[in-house]
Colleague: 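Following this message is one structure expressed as structure tokens.
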Amino acid sequence: MKTATVQDQDKNLVFDYEVRCRCKDCGREFREFFPKITMTIKEALGDNPVPFCNDCSEKRNKFKEEQERKKFLASEFEKAQIPFCFLQNYDPGRGNNDLLNFILDNSGKTLYIAGNPGIGKTWAVCEAAKRMILARIGKTFLFLNWEEAVKDYLSACDESESLGNKWRRSLLAADIIIVDDFGKGNFTQRGVDLFYYLTNKMYESVNKRMWITANLPADCYLDGIRDKKLQADLQAACSRLARIDNFSSWNEEA
């Protein structure tokens, strides 16, 4: 045991105990030292009578940090109603990194993203949201599956007009609204009204943005609508969308 001076004690060089341990994880033997101020070996080891070696302790700490990060992220996504499974289960090798970079580069804009199913549109908007959340830039998100959102809106309107208005106003609580799979399902007057409401609010707002994913460019949906009023209202919404100052579109073929 090292003989130390008072100065050495300030440098934590005085030890009372040297314990031989075997790591619980890897089985490697190592020596553990405990400072003179420690009363007993049991107190020093606490609830772990056999500690882990440095390498295994570091691995465990990293694993714990990763779990805490995922727990935090899941909590943030739950607040934003973004499906966390897109990030847990999605194969990064399939990720559309070109699209992801486009979204991150234009994250301060309202975006319309069109492309065939399976190219990674939903993954890209969720991954971009994830990175912005982790960067703690202070933006809040709301994820809407368009077909489900329209059904919820219709249900609220069926109960009362005021409840329908309250429901759609609640969407504006987020800074960035992600509208996923726009155009899926049949267009109804209420659905088109909801889309115009959102595009108009984005047009009028300084801070709020909307990220839209769809299989087709917005104007392509007009051709499939037979009702003239419905077609005119959707055209008005698409026109308002295109005139937003901070607007950009991404097409798979571009």
Side-chain angles (χ1 to χ4, degrees), residues 82 86 95-129 141-154 157 164-165 167-169 171-172 174-254:
I82 298 174
F86 284 126
N96 193 326
N97 289 311
D98 289 340
L99 176 54
L100 172 61
N101 290 332
F102 168 81
I103 296 170
L104 291 173
D105 290 342
N106 296 278
S107 60
K109 299 180 180 180
T110 287
L111 305 175
Y112 190 98
I113 300 162
N116 290 327
I119 67 167
K121 300 186 298 294
T122 301
W123 172 84
V125 290
C126 287
E127 178 67 15
F141 292 82
L142 176 66
F143 181 96
L144 298 175
N145 175 280
W146 179 248
E147 188 174 23
E148 293 178 1
V150 170
K151 288 179 181 178
D152 290 342
Y153 180 50
L154 291 175
C157 290
N165 291 336
W167 185 91
R168 69 179 187 178
R169 283 198 303 270
L171 305 182
L172 302 176
D175 298 313
I176 297 177
I177 304 169
I178 299 175
V179 176
D180 192 44
D181 269 344
F182 173 74
K184 188 175 181 180
N186 296 324
F187 282 101
T188 63
Q189 187 62 56
R190 288 286 192 184
V192 172
D193 290 346
L194 177 61
F195 186 59
Y196 182 85
Y197 174 82
L198 290 174
T199 56
N200 190 55
K201 289 300 180 182
M202 298 305 110
Y203 182 82
E204 296 174 346
S205 175
V206 175
N207 299 316
K208 297 188 182 299
R209 300 290 179 260
M210 186 163 56
W211 297 349
I212 306 166
T213 73
N215 292 339
L216 300 171
D219 55 1
C220 292
Y221 293 107
L222 296 169
D223 298 334
I225 298 178
R226 298 289 177 261
D227 186 294
K228 296 299 183 183
K229 181 181 186 307
L230 203 60
Q231 188 180 58
D233 289 346
L234 182 58
Q235 175 65 62
C238 293
S239 176
R240 179 56 59 97
L241 180 69
R243 295 203 308 273
I244 295 174
D245 288 338
N246 288 310
F247 173 77
S248 188
S249 61
W250 185 94
N251 294 317
E252 184 184 12
E253 298 177 353

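Just the heavy atoms: all of them, side chains too, but no hydrogens, waters or symmetry mates, feed the values below.
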Colleague: Is any side-chain heavy atom of Leu111 closer than 4.5 Å to one of Val125?
Modeller: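 They are not in contact (no side-chain heavy atoms under 4.5 Å apart), so the answer is no.
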Colleague: Within this structure, what is the CD1-CH2 distance for the pair Ile113 and Trp211, rounded to the nearest 0.5 Å?
Modeller: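 Between Ile113 CD1 and Trp211 CH2, I get 8.0 Å after rounding to 0.5 Å.
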Colleague: With the side chain counted from C-beta on, respond yes when Cys157 and Trp167 share a heavy-atom pair under 4.5 Å apart, and no when they do not.
Modeller: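 The answer is no, as the side chains (C-beta and beyond) never meet within the 4.5 Å cut-off.
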Colleague: Show every donor-acceptor pair shorter than 3.5 Å between a side-chain atom in residues 141-153 and any protein atom, with sequence neighbours excluded, or say none if there are none.
Modeller:
| from | atom 1 | to | atom 2 | distance (Å) |
| --- | --- | --- | --- | --- |
| Asn145 | OD1 | Glu147 | N | 3.3 |
| Asn145 | OD1 | Glu148 | N | 3.1 |

Colleague: Do you know the tightest heavy-atom contact between Leu99 and Gly120?
Modeller: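 Closest heavy-atom pair between Leu99 and Gly120: CD2-O, 4.2 Å.
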Colleague: At their closest point, which heavy atom of Ile212 faces which heavy atom of Phe182, and how far apart are they?
Modeller: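 Closest heavy-atom pair between Ile212 and Phe182: CG2-CB, 3.6 Å.
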Colleague: Identify every side-chain donor-acceptor pair in residues 222-234 under 3.5 Å, counting partners at least two apart or on other chains, and give the distances.
Modeller:
| from | atom 1 | to | atom 2 | distance (Å) |
| --- | --- | --- | --- | --- |
| Arg226 | NH1 | Asp223 | O | 3.1 |
| Asp227 | OD1 | Lys229 | N | 3.0 |
| Asp227 | OD1 | Leu230 | N | 2.9 |
| Lys229 | NZ | Asp233 | OD2 | 2.8 |
| Gln231 | NE2 | Leu222 | O | 2.8 |
| Asp233 | OD2 | Gln189 | NE2 | 2.8 |

Colleague: For the side chain of Asn106 and the backbone of Phe102, is there at least one donor-acceptor N/O pair under 3.5 Å apart?
Modeller: yes
Colleague: Establish, yes or no, whether a centroid distance under 6.0 Å links the rings of Phe187 and Phe195.
Modeller: no
Colleague: Can you spot which of Asn246, Leu241, Thr199, Asp245 makes a side chain to side chain contact (heavy atoms under 4.5 Å, CB included) with Thr110?
Modeller: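 Of Asn246, Leu241, Thr199, Asp245, side chain to side chain contact (heavy atoms under 4.5 Å, CB included) with Thr110 is met by Leu241 alone.
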Colleague: Would you give the length of the straight line joining atom OH of Tyr203 to atom OH of Tyr196, rounded to the nearest 0.5 angstrom?
Modeller: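 If we round to the nearest 0.5 Å, Tyr203:OH and Tyr196:OH are 9.0 Å apart.
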Colleague: Do Pro217 and Asn251 come close enough that some side-chain heavy atom pair is under 4.5 Å?
Modeller: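 A side-chain contact under 4.5 Å exists here.
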Colleague: Can you measure from CD1 (Ile178) to NZ (Lys121) and round to the nearest 0.5 angstrom?
Modeller: 14.0 Å
Colleague: Kindly say whether Tyr112 contributes a backbone atom to a donor-acceptor pair with the side chain of Ser249 at under 3.5 angstrom?
Modeller: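 Absent.
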Colleague: If you round to the nearest 0.5 Å, how far is OG of Ser248 from CD1 of Ile103?
Modeller: 10.5 Å
Colleague: For a quick test of reading the model, state the closest non-hydrogen atom pair linking Ser205 to Asn207 and the distance between them.
Modeller: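 Ser205 and Asn207 have their closest heavy atoms at OG-N, 3.2 Å.
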Colleague: Given 3.5 Å as the limit, does a donor-acceptor pair link the side chain of Lys109 with the main chain of Arg209, or not?
Modeller: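 The answer is no, because no donor-acceptor pair under 3.5 Å joins these two groups.
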Colleague: Side-chain contact, heavy-atom cut-off 4.5 Å: Ile177 with Leu172?
Modeller: yes
Colleague: Rounded to the nearest 0.5 Å, what separates atom CE in Met210 from atom CG in Asp175?
Modeller: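 Rounded to the nearest 0.5 Å, the CE-CG separation comes to 14.0 Å.
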Colleague: Work out which heavy atom in Ser239 is nearest to a heavy atom in Arg243; give both atom names and the distance.
Modeller: OG-NH1, 2.7 Å
